[in-house]
Amino acid sequence: MAIERTFSIIKPDATARNLTGAINALIEQSGLRIIAQRRVRITRAQAETFYAVHRARPFFGELVDFMISGPVVVQVLEGENAIAKYRDIMGATDPAKAAAGTIRKVHANSIGENSVHGSDAADTAANEIASFLPETTSSAKASCGGVRGFGASQPALRACRLIGY
Ligand code: ATP
Ligand code: MG
């Protein structure tokens, strides 16, 4: 199995209870590596797009309100079989049904306020990473390689230095 990347969100119920470190300890103990991370407030439009697949579900409005109710931590995780591995350590959507020792079993409040998100497939992982942490994508890396050439603007060079390329 190849090294993969997946997208993780530490949701507002968890940041509100100071659980960022405790959740990331479980992620790191699993062997997954946090290779990018940012604490942000997402907009209503971002939340609606992110969970668009659930637009027709009765809980959609509540889900969007919850996701914008406080800060979240968006992260890229990397490792062997990262997408399935992270889903395993997150546990089932409903914490009451999650396996012992999983993030949701240990920390989640309820099926709605369930502390973490993880991508469910390779295509969603790639799209989610490109939406929330675009500086980690290979196209960002390639364009930074390009701007290093003669004549690149100072702001462009500074931006690339800031993101480590
Ligand atoms: P996520 O996509 O956040 O990683 P998931 O893939 O385990 O979670 P989904 O079925 O994609 O679960 O549901 C997306 C989110 O919608 C859940 O994480 C939860 O916050 C919310 N949700 C799902 N089912 C319900 C429900 N029956 N009642 C309330 N909220 C729900
Ligand atoms: Mg999902």
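One-based numbering, in listed order, for ligands and for the atoms of each.
- There is a side-chain donor-acceptor pair under 3.5 Å between T20 and R39.
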> Checking side chain to side chain contact (heavy atoms under 4.5 Å, CB included) for the pair I10/V72: CA distance, chi angles, key distance, verdict?
Replying inline: CA-CA 5 Å; I10 300 179; V72 300; over 6 Å; no
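- In terms of protein heavy atoms, atom 5 (P) of ligand 1 is closest to T93 OG1, 3.5 Å.
- Among all protein heavy atoms, the one lying closest to atom 17 (C) of ligand 1 is N114 ND2, 3.6 Å.
- Using a 4.0 Å cut-off between a side-chain N of Lys or Arg and a carboxylate O of Asp or Glu, E135 and R38 qualify as a salt bridge.
- Remark: distances from the non-hydrogen atoms of Y51 to ligand 1 include one below 4.0 Å.
- Within ligand 1, counting atoms from 1 as listed, the ones closer than 4.0 Å to a heavy atom of G118 are 4 (O).
- The shortest contact between atom 14 (C) of ligand 1 and any protein heavy atom is with H54 NE2, 3.5 Å.
- If you check each of E128, H117, R104 against atom 8 (O) of ligand 1, the one with the closest non-hydrogen atom is R104.
- Salt bridge status for R44 with D65: present, with a side-chain N to carboxylate O gap under 4.0 Å.
- Distances shorter than 4.0 angstrom do not occur between any heavy atom of E113 and any atom of ligand 1.
- Remark: minimum distance from atom 26 (C) of ligand 1 to any protein heavy atom is reached at F59 CD2, 3.5 Å.
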